[in-house]
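Data first, discussion second: the structure below is written as structure tokens.
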Amino acid sequence: MIIYKFGGSSVGTPDRIKGIIDLLRENPVRAVVFSAFSGVTDQLISTARRAAAGIPEYVEEVRQLERRHLDAVRELVTVHQQSNASAVVKMTLNELEDILQGVFLIRECSPKTLDFIQSFGERLSNFIISRALTSSNLPCEYLDARTVIRTDATFGSALVQFPETNALIQAHFASHPLLQIVTGFIGSTSSGDTTTLGRGGSDYTASILGAALKAGEVHIWTDVDGVLTADPRKVPNAFTQPEMTYIEALEMSHFGAKVIYPPTIQPLMQANIPIRIRNTFFPTGTGTLITNLASVNPDPIRGISSIGQVGLLRVEGAGMIGVAGVAQRIFGTLARNGISVILISQASSEQSVCFAVAPDVAQKAVDVLEVEFTTERELGRIARITADTDTSIIAIVGENMRNVPGIAGRVFQALGQNGVNVMAIAQGSSEFNISVVLSRADESKALRAIHDAFFAPGSKTIHVFLVGLGRVGAALVDMIQKNRESISDRMMVDVRLVGIANSKQMYFDLNGIDDPDWSKHLAQSGGKMDIQGYLDHIKTLNLPNSVLVDCTAGTQVNAHYAEVLEQSIAIVTPNKTTNAGSMEQWRALREISRKRQVPFFYETNVGAALPIVKTVRDQTESGNSIIRMEGILSGTLSYLFNRFGQDASFSEALKEAFDAGYTEPDPRDDLNGLDAARKILILAREAGWLLELDDVHVTPAIPARFFEAPTVDAFWKMLPEADAELSARRNKAAASGKKLAYIAKVENGNASVGLTEIDANHPAYHLREMDNLLAITSDIYSTRPLVVMGPGAGPAVTASGVLSDILRVAEVRV
Ligand code: ASP
Ligand code: MG
């Protein structure tokens, strides 16, 4: 025997009801419980309130209800039965109107009257549907549940008296073999007063019937696919759990997932009757099967639920330590005032007790506790009682957690890495629910991070916010777009580019900016860029695993690095100005990165994608001290002297490099050696020599007077003068088998960059094109150096290095 229940949204329109009729034709069941048509219960309550407030327009609402129900009759009931059905509906609504008239006249609507008024929703819907079924040749009978469900007189959420109810149901069904169409939600007292079972109570009706009749299964038809692992509005990759236990369903539904009315579970759990949650709009789906022993669950948890807003109260004071009865008084006071407690936590030091309540009663809770503890407060035993209503609760649910170590660890790691502060924690000793209280602003980020950590272990979404769309930035966008899918297939990392910005505009797309024509979106729908606004937006979005990628050249963005890292947002950048900036800032950023465990990666600061920074760091971290580093760290100067060494004059070689776009707009910015100086400084610091830029001894590649030329044009005119000088130097070097190279070097804390003669034994002697090179001499590599060499400049290689840094962020995250 199977019992079905359809919720209000399943019977929202006549079309949907027709779909249900088809479903019932194919699936013979013993009884079907329907809710009121969607929105009708709310409307009845508001109409009653209006009438009680003396607002005469309540009549208009009754007319609306009448029209809606009569329309349904017209759509669903065959013509020759319509007038009879319409007459019943009209009579019923007349009765409703009479009662409302009474409410209007005495300006009062007691809970008892309100229950009676609400009963019209289910009575009308079930009556009409039963007639619609008969019209479709599905024989059935309408059953007003008030004749079989006996309750006490707690109007609004009446308690069912099971022995009597069960007997009434069994007797009724024994003498009524036809399909029963049963009003959900309502019952009656022994003296015949109408009661309701609590909002959402139609589920409960089905459960009561199922338990009384020892049904084989009870199916709750709703508008979602079953019980999901999390709220899909907050966690986009939430999915339906095919099976779960009664306890898990209870925990999940208790906490936000409004799929099933919690009291529903108890009677069926006791009778061990399986519950299926199914989607009316997708009837072929499997839904969720709820039983005593849900089958193997590969994941240690079953789902994550949350309450978006709660009030967190704290009662604090040293005078509570070791004093018996404080907790009893706190919770006794709350109970007397009808305040229900959602979560409780007290540390063993007994310095404070904290607990959560519904946000709208938080202040009342503070008030009543302040009165209760007046004396203790005057004596200073209780220092303060505070409430914070900007908090949420997230609960991790699953019976499999019992006795499995490491669950809490994973939860808190996911939260910690994303900078989510935990205000209170509660886990019952039954171990199927770990609840954490956190700031409301972090709720959805926390849900996603925990969801990923458990349901997609190993797979992560990295949210990339790029600033700087010059050649490197643009190449990076291109690379992310082209490789997003293959990276996700290979590494289970979704690199989602959610924000881009240049100096003028910024643009966001939470699904990822996938259109190769991204610059169009930026120009057409981008907002005006200002870096603070961009960063604020990143903060507001508050996405897990966020990374700021700074592909700008200047220092406007890095002034904000500390603030960004403090938010647990990782930074990846090819921009050298930070790491070559003041030691003070350098130290501060590392400190934050270490303290917050948030990645700050900059492999592309030196040698583009070549693993130079990493190699130096690996050497240093493994305790292998570096004695000397030497190499060619400027791609432009490498190219220049490689060409000049062949057949071109110095000025020709420079012009060639300029035309090919290898130099700065003013090539003197390369020739002055500053770029190479910054890079050797960065490496020196990485190796433990904490120098400032001023400490690096810089000899420009050409004599000082060339830098005095007032304009770039003047410089180009003057440049041939350098040819003679540089040719002479080159020839002199060549005479002893050497060549000129712009070498950066650090040894014993002395760093320098300048033009140097190197012989064929020097590792840099055979470099070509834009190649970079670094030779590291250390304790271990003492006789022959460790050499990293290869193309070390250009937008494409730099972008690929930035992308690997982004992927490294994914690696270090849970
Ligand atoms: N109609 C009632 C309500 O809206 C009962 C139900 O839908 O389950 O609360
Ligand atoms: Mg409902």
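For clarity, every value in this text was computed on a predicted model and none was experimentally measured. Order of listing sets the numbers, starting from 1, for every ligand and every atom in it. Scope of the values below: all heavy atoms of this structure, side chains included, with no hydrogens, waters or symmetry mates.
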Tell me whether ligand 1 is touched by Gln118 - counting only heavy atoms on the residue side and a distance under 4.0 Å.
no
Proximity flag Gly200 to ligand 1, non-hydrogen atoms under 4.0 Å
yes
Side-chain H-bond candidate by donor/acceptor type, Asn84 with Arg131, under 3.5 Å
yes
Can a side-chain donor-acceptor contact be found between Thr195 and Thr151 if the only test is distance below 3.5 angstrom?
yes
Look at Arg50 together with Glu61 and state whether they make a salt bridge at an N to O cut-off of under 4.0 Å.
yes
Give yes or no for whether the N/O distance cutoff of 3.5 Å, strictly under, is met between Ser35 and ligand 1.
yes
Do Ser202 and Ser35 get their side chains close enough for a donor-acceptor pair, meaning under 3.5 Å?
yes
Ligand 1 atoms in contact with Thr41 (distance to a heavy atom under 4.0 Å)
1 (N), 2 (C), 3 (C), 4 (O)
Could you check whether Asp367 pairs with Lys364 (Lys NZ or Arg NE/NH1/NH2 to Asp/Glu carboxylate O, under 4.0 Å)?
no
Within a distance under 4.0 Å of any heavy atom of Arg199, pick out the atoms of ligand 1 and give their elements.
3 (C), 4 (O), 9 (O)
Checking side-chain polar atoms at under 3.5 Å, does Asp223 have a donor or acceptor matched by the opposite partner on Asn279?
no
Would Ser202 count as being in polar contact with ligand 1, using the rule that some N or O on each side must be under 3.5 angstrom apart?
yes
Sub-4.0 Å heavy-atom approach of Gly121 to ligand 1:
no
